[in-house]
Amino acid sequence: MHEKFLKPYNPKETEERIYELWNESGFFNPDNLPERHQEPFSIVLPPPNATGTLHVGGALMIVIEDIIVRYKRMKGYKTLWLPGTDHAAIATNSKVEKILHKEEGKTRHDIGREAFVLKVEKFVEENRGALKYQISRIGASLDWSREAFTFDEKRNLAVRTAFKKMYDAGLIYRGTRITNWDPKGQTTISDDEIVYTERPSKLYTFKYSKDFPIAISTTRPETKLGDTAVAVHPNDKRYQKYIGQTFKLNFAGADLELKVVADEIVDIEFGTGALGVTPAHSQIDAEIALRHNLPSIQVINEYAKIKLPIPGLEGVKTIVARETIVAWLKKNDLLIKEEDITQRISTAERTGGIIEPLPKLQWFVDVNKPINNRDGKTLKQLMYDAVAGGRIIILPERFEKEYFNWINNLRDWCISRQIWYGHRIPVWYRKDEVFVGLDKPDGSDWEQDPDTLDTWFSSGLWTFSALGWPEQTKDLKTYHPTDILETGYDIIFFWVARMILMSEFLLGKIPFKTVYLHGLVRNQKGEKLSKSLGDNIDPLSITDQYGTDALRMALIVGVGPGSDSKLGPDKLKAYKNFANKLWNIARFVLSQERNGKLDKELIDEFNTLTKDITSDMENYRFYIAAEKIYAYLWHRFADEIIEKSKKHPEYNATLYYIFENSLKLLHPFMPFITEEIWSSFAKATDGQARLLMIEPWFTPSEVEGPSI
RNA sequence: GCGCGGUUAGCUCAAUUGGUAGAGCGCUACAUUGACGUUGUAGAUGUUGCAGGUUCAAGUCCUGCACCGCGCACCA
């Protein structure tokens, strides 16, 4: 017996060595797998943010995918798991801006676009290495030779190509719309990047002036400086007589011309049943304005300050302006009511800035335009059909409903951002000319659009851009559509839906066959782990303390797809003990001579277990499979079968047989310790050193003869 | 408002298509220098949130309710 078994299992000493062994074997790369691996199987890694560090949620993602990939590889598939990182435009941009401000007290505008982008790129490069190390420590059997980055040369070509194709099909347009403006990040964001928070607020009911006959309610009196109409419901008897009339008046220093219009969208029950229409600062109001051909007055600028040249208000922050106007209303005896309400505030996901709806000239993806070469279907329909038609399965199933619900409410996707780090929009302008193409057109005076693209635009291409698209590579033909997309349920809209959109339109194919969604990992109190709370546990510190295999088990066991889980020391300790138990089982088995014949009854029992576990693996019930092999090894094999063999050495051959094959079943879950133990057993069996990682998955075979 | 999930042992959670409610941690007692960073043996704690219904049989299916959480919409 190897003397290593005389000491307790030491994960620290083992893990890096084993990972190196796997890496050097070349088997992470499907091209190097033995002959029996023919049928392809592929997963692309959801690329973690290049500037971030791996958190426990990221570790869960790695673990689930590694389990799937290791299982498929052992089953004999030509298995590719493709790694990459995401440039995460807004997140990275704002992170570097923060650092710049902290270290040099400067903004990006102080140092200029070029210098800023260089700074970001340097920062990203430094971080990617650290991230890659973290991922490998979790045991990820990723093919690093194919590593991609959402912002490298090839992916940039993919982005430009995608933009051009969509533009040519009329699916991308430029227009002035009410957008979600983030005053803090100084950029627009998409609807999905908004996070709602509740806060106490006041609902003011007032009259614009003494002579104006209708009172209205608002939570934002300061925007009323830009009102151009008052809308009422066509059936509302109270206001019938005013419909169509126009009133000129002065409101807090602003000269307003208010037309009374009738619109179905107005809720008779709300407030006074009349709605002050501010076309420049409300989505709904802009729609009303469009229907009634109303002018639009912009009140607020990009810094959330009053833009109008009104003495005492110009340049004042919106919140201050609100107080000023309320005071003016009170002074002029126009304020009728002031109620306390809870208001839902829109904030920007990345910066926390309060969203200011502003009319801006931006680029959009049209989700409702019929597409010629897709039977006149819209992008919305393409997204819908892929899932509704069963070509893509979402697990757990309930998320399919959320997916459909999201699509039904989907509006055009704003894809341009005013930040500097990201894929530059491939559009050039010269006077009144607009050129959309892969590269700058010939001739002078062309200027490229200063904006960059929403990071999810490039992420949406990931399943095929990572495989080389637009070039028709061998990898693309072999591995696309990918088999499984595994990610957190929190980015189903951001990412999963956008990938389906892009792949369906650009390739006419689904990007993946199955979507497996995992839940959030929470701390022991059940709170969401967040960086701001400071409890964002580094998975590597857990690995150091308990071993990676224990971390993997603790993350997996008892956690079904889509459900949130808690991670605490108790669970980690339990699986650390299991690793040690396994180590001692190995020590005991190795100390026995391989005597006797196989016992039919015990082998039959083990065969049944194997069939169960295999079926669990095939049906994505990893959390159950892991628990079964754990319970069997400890409480059946160690507690009963080994104990029995102590009095009956003729069982020893059976011990070897079951334990060696158990290592295969356990390997996807606890790859390090099983590989380490296997190395001692493989030699004991036939003197050949083989990696457990590419051993064929155990297939039950009948044992002849009676039980011992 | 529309929709989804949860409610099971002191705690954290399982229970694959309906078939005697389980695990880990914790707790109690006993054993043990044992292959074991201990581990093993035995044990206690449950009207599976509440009220009905279907069924030979319900944690699981149906109806209603309560509480916790989430998504989307509205948010003047």
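A, B, ... follow the sequence lines: proteins, then strands. Residue 1 opens every chain.
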Write down the distance separating the [atom1] atoms in [N] and [M], rounded off to the nearest Å.
N	M	atom1	value
B/C25	B/U41	P	13 Å
B/G19	B/C2	P	34 Å
B/A14	B/A23	C1'	7 Å

At under 4.0 Å between heavy atoms, what does [X] touch on the DNA or RNA strands: base, sugar-phosphate, or nothing?
X	value
A/Tyr489	nothing
A/Ser615	nothing
A/Tyr196	base
A/Asp267	base
A/Arg621	base

query = Rounded to the Å, how far apart are A/Asp564 CG and B/G69 P?
reply = 13 Å
query = Tell me: CD of A/Glu640 to C1' of B/A42, nearest whole Å?
reply = 14 Å
Taking only N/O atoms, report every protein-nucleotides 22-25 of chain B pair under 3.5 Å with atom names and distance.
from	atom 1	to	atom 2	distance (Å)
B/C25	O2'	A/Asp570	OD2	3.0

request  = Under 4.0 Å from any atom of RNA chain B, heavy atoms only: list the residues of residues 338-348 of chain A that qualify, in numerical order.
outcome  = A/Gln343, A/Arg344
key: Structure string for RNA chain B in dot-bracket form, Watson-Crick and G-U at under 3.5 Å, | interchain   = (((((((..((((.....[..)))).(((((.......))))).....(((((..]....))))))))))))....
message = Exactly one of A/Phe637, A/Phe578, A/Tyr623 should register a ring pair (Phe, Tyr, Trp, His ring centres under 6.0 Å) with A/Tyr630. Which one does?
response = A/Phe578
